[in-house]
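Reviewing the structure listed below.
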2 protein chains.
Amino acid sequence: MQQLDYRPNAIAQSLASNRTNSIGIMVSELDGPFFGLMMAAIEQELRKAGKHVIITTGHSDQTREKEGIDFLISRKCDAIIAHVEAVSDEYLIEINQGKTPVYLISRYVEAIADKCVSLDNKMGGYLATKNLIENNHRDIAYVSGPMFKADAVDRLTGHKRALAEFDIPFNEELFFVGDFKETGGQQALKHFLSTNRSFTAIVCSNDEMASGAMKYAREHSISIPQELSIIGYDNVIFANYLYPRLTTITNPVDKMGSMAARLVLQDCYQLPTLAVEHLFTPSLKVRDSVYPI
Amino acid sequence: MQQLDYRPNAIAQSLASNRTNSIGIMVSELDGPFFGLMMAAIEQELRKAGKHVIITTGHSDQTREKEGIDFLISRKCDAIIAHVEAVSDEYLIEINQGKTPVYLISRYVEAIADKCVSLDNKMGGYLATKNLIENNHRDIAYVSGPMFKADAVDRLTGHKRALAEFDIPFNEELFFVGDFKETGGQQALKHFLSTNRSFTAIVCSNDEMASGAMKYAREHSISIPQELSIIGYDNVIFANYLYPRLTTITNPVDKMGSMAARLVLQDCYQLPTLAVEHLFTPSLKVRDSVYPI
DNA sequence: TTGTATGCGTTATCAA
DNA sequence: TTGATAACGCATACAA
């Protein structure tokens, strides 16, 4: 009878089997180079398993993140893959008691470690600063992201470790908390310049802020990298478009995305997975924005 | 009894009411600055109406685009919003006979004009070239996108119209078909340089290719915009990050996204909509990559 | 208005 | 193994 093209009704299947074959995705933003890559990887992995992806945004806001997750749960997703920043660890643990498992990307919560896929941001922060130090920089400014974000805290920790390893004191004057956006980088450089504290390099804890700093530098005739070296973080697409091309730390967000998808496939649908990996390692991507002195 | 928090089962609702409250979205790519904005706009509009969004990718490939749409239909989406490039007009008309309406973004198909939201690309192409001409450029090279894409064809048409309006002949030597990616821009400039035909400006039919051309120019010590003016198209986020900042044509992809979403809300869910608009108008965004001569 | 059956298109269970 | 039947949790239509 298939000749009269019979198509099973996915909704009826779901009602009867209690399985929707849909996975909820929660990201902070739909635009931005970061999440695009991540979602592309997730979607690709899931789609070839016949699953589909329902997408929601949280905008790094606690309320909206919770609403989004509620929404996905109410939609009876079989699982959720979330990149959340504002919500607490406790909430994530609690929500995972429910019947919908919530996997986390770019975040590590001890109690649900098997549901986390994260990047070793301490190592990334360490690598960035170490690269500068190995290029003989000693007076290094640091632009952090908002301190409520674990990523920002970890990257800073790595930075301090590199400093300590080379006996370089951490200087509060050369520390600035930005917003992970372009403006943050601009404000940071402006601030550093105003302290009259000299510095030869600046590590920005993401590429957007690095771009902002570069822009501010150009507007004030500070040549990069001759007068000031800059290193970013994330290796976002446009890092390669900037001039000079930005040296940065790779953030394999696509690999983390596929990994999370595969975990879901394995745990929720009993599909075989090759290797599982929970902690990803960043690496240094050398381009043109760091000069030795 | 709501105190014992009763939650309606969305699946059962769907089965009984024949309405899933889900809208399928089909885009070419999940990454890339273009689609991010578009999806963000769609999601925002739909989400506040309590609808949700199922996302699929087509990768500008005819088979995959059809598969994706089939997939969304089989998932019983109430409607589909698609940005498709490879599939034929006939197919789109035919698929719209079915019970799932599919709306088109950035594409105009006469027979289903009420389901189309598009950009006046002819006007955009015209504006770009006209701006160059008004800056006294006469020898203008043109980098097109793949000619199977309607966008590319229309932009080129606009370019030719501007040329004609000022009695400038179209020169095949200064015409190159790229891939809408960075490499396309690099190849194009390389090609133009090899013809020994002189030119003072180059219009790239999207910003990626403009970036590629700028990169190639820099590598070959051609200073922009002093020696060569460049104009792009789309006003993608990174156009503002490039150096020099790229003059370009705005493509209000976010507005088109919300418009498509509102059409769906209106047609499929009988929700009131303010003004409906089907054709959007691009405009010139002047930045730093065009110099008068 | 409030209440009660019936159907939605499957899966799963149990009997044959 | 095959075949009938009861959930699945709601809308909807109809009756009270």
Side-chain angles (χ1 to χ4, degrees), chain A residues 1-26 46-56 66-80 95-102 261 264-272, chain B residues 1-26 46-56 66-80 95-102 261 264-272:
Chain A
M1 308 261 134
Q2 279 86 328
Q3 277 74 340
L4 269 49
D5 90 320
Y6 156 77
R7 309 240 186 159
N9 182 319
I11 303 298
Q13 282 180 324
S14 298
L15 184 57
S17 66
N18 209 19
R19 214 128 239 293
T20 58
N21 291 311
S22 67
I23 289 91
I25 309 291
M26 148 124 275
L46 255 25
R47 184 83 167 57
K48 67 186 182 199
K51 313 302 176 190
H52 72 265
V53 143
I54 298 181
I55 293 189
T56 311
K66 286 187 181 179
E67 278 175 6
I69 291 182
D70 274 1
F71 185 75
L72 294 173
I73 291 176
S74 80
R75 240 58 203 201
K76 297 268 182 281
C77 292
D78 295 334
I80 291 175
I95 203 84
N96 255 305
Q97 323 276 47
K99 56 166 295 186
T100 311
V102 178
V264 170
L265 257 20
Q266 181 189 54
D267 297 353
C268 305
Y269 301 107
Q270 286 73 44
L271 296 177
Chain B
M1 307 262 140
Q2 280 85 326
Q3 279 74 340
L4 268 49
D5 92 319
Y6 158 76
R7 312 240 184 158
N9 182 319
I11 302 298
Q13 281 181 323
S14 298
L15 186 58
S17 65
N18 210 19
R19 215 130 243 293
T20 58
N21 291 312
S22 67
I23 288 91
I25 309 290
M26 147 121 273
L46 255 24
R47 182 81 168 60
K48 69 187 181 201
K51 313 302 177 190
H52 72 265
V53 141
I54 298 181
I55 294 190
T56 310
K66 287 188 181 179
E67 277 175 7
I69 292 183
D70 272 3
F71 185 75
L72 293 174
I73 291 176
S74 80
R75 240 60 202 197
K76 297 264 182 285
C77 293
D78 294 335
I80 292 175
I95 202 86
N96 254 305
Q97 322 277 46
K99 55 166 296 185
T100 311
V102 356
V264 169
L265 257 21
Q266 182 190 52
D267 297 353
C268 305
Y269 301 107
Q270 285 73 45
L271 297 177

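Every chain is numbered from 1 and lettered A, B, ... according to where its sequence line falls, protein lines coming before strand lines. Values below: every heavy atom of this structure, side chains too, minus hydrogens, waters and symmetry copies.
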- From dA11(D), dT10(C), dT11(C), pick the nucleotide closest to the side chain of Ala12(A)? dT10(C)

- Item | Base-pair map of DNA chain C as dot-bracket, where | denotes pairing with a different strand and pairs are Watson-Crick or G-U under 3.5 Å | |.||||||||||||||

- Message: Expressed as a whole number of angstroms, how long is the span from Asn9(B):CG to dC8(C):C1'?
- Response: 13 Å

- Can you tell me how far P of dG9(C) sits from CZ of Arg19(A), to the nearest Å? 23 Å

- Rounded to whole Å, the CG-C1' distance (Asn21(B) to dG9(D)) equals 16 Å

- Message: Within the structure provided, determine whether Thr56(A) and Glu67(A) are in side-chain contact (heavy-atom separation under 4.5 Å).
- Response: no

- Message: I need the NZ-P distance between Lys76(B) and dC8(C), as an integer number of Å.
- Response: 14 Å

- Task: To the nearest Å, give me how far apart CG (Leu15(B)) and C1' (dT12(D)) are.
- Result: 13 Å

- Message: Regarding Arg7(B), tell me which of base, sugar-phosphate or nothing describes its non-hydrogen contacts under 4.0 Å with the strands shown.
- Response: sugar-phosphate

- Item | Where Ile11(B) and Asn9(B) come nearest, the two heavy atoms and their spacing | N-OD1, 2.7 Å

- Side-chain heavy-atom pair Ile95(A), Ile80(A) within 4.5 angstrom cut-off: no

- Message: Is there a side-chain contact between Ile54(B) and Cys77(B) in this structure, where contact means two heavy atoms from C-beta onward sitting under 4.5 Å apart?
- Response: yes

- Do Phe71(B) and Met26(B) have side-chain heavy atoms sitting under 4.5 Å apart? no

- Query: Can you check whether Ile23(A)'s main-chain N or O pairs, donor with acceptor, with Asp78(A)'s side chain at less than 3.5 Å?
  - Reply: no

- Calculate the interatomic distance between Gln13(A) atom CD and dA7(D) atom P; express it in whole Å. 21 Å

